[in-house]
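Structure first, then comments.
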Number of protein chains: 2
Amino acid sequence: MKSKLNPHISVDIVIFGFDAKSLKVLLVERTFHDSVRRKSIKDLKLPGSLVFERETLDHAAYRILKQLTGLDQIYLDQFAVFDSPERTKRKMDRAWLQATTGIKIGRIITVAYYSLIQFDRANGQLAHLKQKAHWTEIGDIHKLPFDHNDIIDYGLEHLREKIRSEPIALELLPKKFTLRQLQDLYEVLLNYDMDNRNFRKKIHRLGYFTALNEIEKSVNHKPARLYKFDKAKYRKIRKESVSFLP
Amino acid sequence: MKSKLNPHISVDIVIFGFDAKSLKVLLVERTFHDSVRRKSIKDLKLPGSLVFERETLDHAAYRILKQLTGLDQIYLDQFAVFDSPERTKRKMDRAWLQATTGIKIGRIITVAYYSLIQFDRANGQLAHLKQKAHWTEIGDIHKLPFDHNDIIDYGLEHLREKIRSEPIALELLPKKFTLRQLQDLYEVLLNYDMDNRNFRKKIHRLGYFTALNEIEKSVNHKPARLYKFDKAKYRKIRKESVSFLP
DNA sequence: ACAAAAGTGTTTTGAATACACCCATGT
DNA sequence: ACATGGGTGTATTCAAAACACTTTTGT
């Protein structure tokens, strides 16, 4: 049975990717003809959608991810609700909503998620989308529609907090990775440099990264050993540790 | 200008209190006449409300807190959205919604908050409410309407996580407290016992708890010194510390 | 005097940090 | 041979954890 869209609730997703020391967010193109101002508009926004009447928010989020990247089983975390009555106030945004949904839109509350994907796994699908999508480096994101800039900022804050206690950053790396890639990733996310020897010591001490019998190929320096994250070991070893109090 | 209620979005709040080694949640009575089944219903639920068309979610949450406890400036944290289309499915709950709002209700998405209040500060106001409210020990909470049990469980999980990195648990204690009260609080929240000497050592090392020149009165044992939390010192001293990685 | 909880110190173990050089590969 | 990043060890400092007895009050 076909379900109707609920015009009050939407979902928006900050999809993070990591490539060669840079943190990127996947943005989609928004193109439409603003019939009031008789102008064609083309800009970027976060991927998102209204939610169907009978659909859960998580389902809507996965639906968007699937449609955009072709992938299932992606890391997804709900982090906040953006609900200012002013957020759908700009004329251009209202015109776009009207043009794309055909529904008369008033206030929309959006539930924000962030998602972590391995940078290049989606790129095959991305190339063939009708709605074009672009990986945009986090520092190069300009003014976006609605409150999408706030959503990204706040999402990144949440991600930063989260990686302090859980090894989810690995979702951004390929299955096999070098310790240098791992360190680069943490340095970008946390925005500070780490001592290479101490970093490696810590990784080894943690006990759930296992070295493979494989090394990098075709780099013009000493090739690095590849590692993988051992999820089963992680779950076993993981012990709660309170930073504020004993 | 009077604003209408938005019948799609609500806010529910898990209000925590702590008293004499026990963690409590503030629940309100729900009484109504179920005209379909010709029965009077009286049970407990989380405090909550639909949101006005022009109101932010945070505002709705503070409105509920104020009306219930008479207090402003209460610690409040949004932690999740509960959106299962099934959550408003039970007949009795639908009858109650119909009876209290007068609006025809379909699916309601609720945004959940938890709040920390100093146990007895609200009790003056609570005694005079039309809608009766009860502090209920966390272990004694039985089946509640909608998905309110899930909301409480998940809220407590979030609170547990949060106190690992921020000293918000203090919101549950009076301004002046003994180290024993503080330890009891952490033991209840984290659900394990701590070594008293090590606990005190840690508190002193943290450097933002200051001993007052005051002691407990009229206890039939050696009276304990009172302490206060020094917010300014806390902000100064607080240094980021990553538990998962360097 | 007794009951009840407050308050205190030492030792051991392990993580965090700081720091500089040799190694393996491609060109 | 040289440029490039990979990979390694030691010493110090500090927090975490384990552990038992004396002190002060009210009754």
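Naming: A, B, ... by sequence-line order, numbering from 1 per chain.
For the 3.5 Å distance criterion, the side chains of B:D12 and B:T110 qualify, holding a donor opposite an acceptor. There is no side-chain donor-acceptor pair under 3.5 Å between B:Y62 and B:D72.
A sub-4.0 Å separation between OP1 or OP2 of D:dG6 and a side-chain N or O of A:R180 is present. One finds a side-chain N or O of B:R200 lying less than 4.0 angstrom from the OP1 or OP2 phosphate oxygen of C:dG7. For the OP1/OP2 pair of D:dA16 and a distance below 4.0 Å, the side-chain nitrogens and oxygens of B:R205 include at least one atom meeting the criterion.
Between the CE atom of A:M194 and the P atom of C:dA16 there is a distance of 12 Å, given to the nearest Å. In this structure, the NE2 atom of B:H204 is 15 Å from the P atom of D:dA15, given to the nearest Å. Rounding to whole angstrom units, CG of residue A:N196 and P of D:dG9 are separated by 14 Å. Whole-Å rounding puts the A:K217 NZ to C:dT25 C1' distance at 13 Å. Summarising the geometry, the separation between CG on A:L206 and C1' on C:dG14 is reported as 14 Å, rounded to the nearest angstrom. Per the geometry, CD belonging to A:Q181 stands 14 Å off P belonging to D:dG5, to the nearest Å. Remark: P of D:dA15 and CZ of B:F199 are 17 Å apart, rounded to the nearest angstrom. A straight line from NZ of A:K202 to C1' of C:dA18 spans 16 Å, rounded to a whole angstrom.
For B:R197, there are no salt bridge (charged side-chain N to carboxylate O under 4.0 Å, His left out) partners two or more places apart in sequence or in a different chain. Scanning for side-chain hydrogen bond (donor to acceptor under 3.5 Å, both in side chains) contacts around A:D83 gives an empty result, with sequence neighbours left out. When the side chain to side chain contact (heavy atoms under 4.5 Å, CB included) test is applied to B:R160, the partners found at least two apart in sequence or on another chain are B:L156, B:N191. In terms of the side-chain hydrogen bond (donor to acceptor under 3.5 Å, both in side chains) criterion, residue partners of A:K176 (sequence neighbours excluded) are, by chain and number, A:E214. Here B:F229 pairs with B:Y208, B:F209, B:Y234 under the ring pair (Phe, Tyr, Trp, His ring centres under 6.0 Å) rule; sequence neighbours left out. Residues that satisfy the ring pair (Phe, Tyr, Trp, His ring centres under 6.0 Å) test with A:Y114, not counting sequence neighbours, are A:F79.
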Listed pairs under 3.5 Å, donor-acceptor, residues 16-26 of chain B side chains, sequence neighbours left out:
from, atom 1, to, atom 2, distance (Å)
B:S22, OG, B:D19, O, 3.3
B:S22, OG, B:K24, NZ, 3.4

Scan nucleotides 10-13 of chain D against the protein and return all N/O pairs shorter than 3.5 Å with their distances rounded to 0.1 Å.
from, atom 1, to, atom 2, distance (Å)
D:dT10, O4, A:K201, NZ, 2.8

What nitrogen or oxygen pairs link the protein and nucleotides 24-27 of chain D at under 3.5 Å?
from, atom 1, to, atom 2, distance (Å)
D:dT24, O2, B:K222, N, 3.2

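The 5' end of DNA chain C is approached more closely, in terms of each residue's nearest nucleotide, by B:Y227 than by the other of B:Y227 and A:D195.
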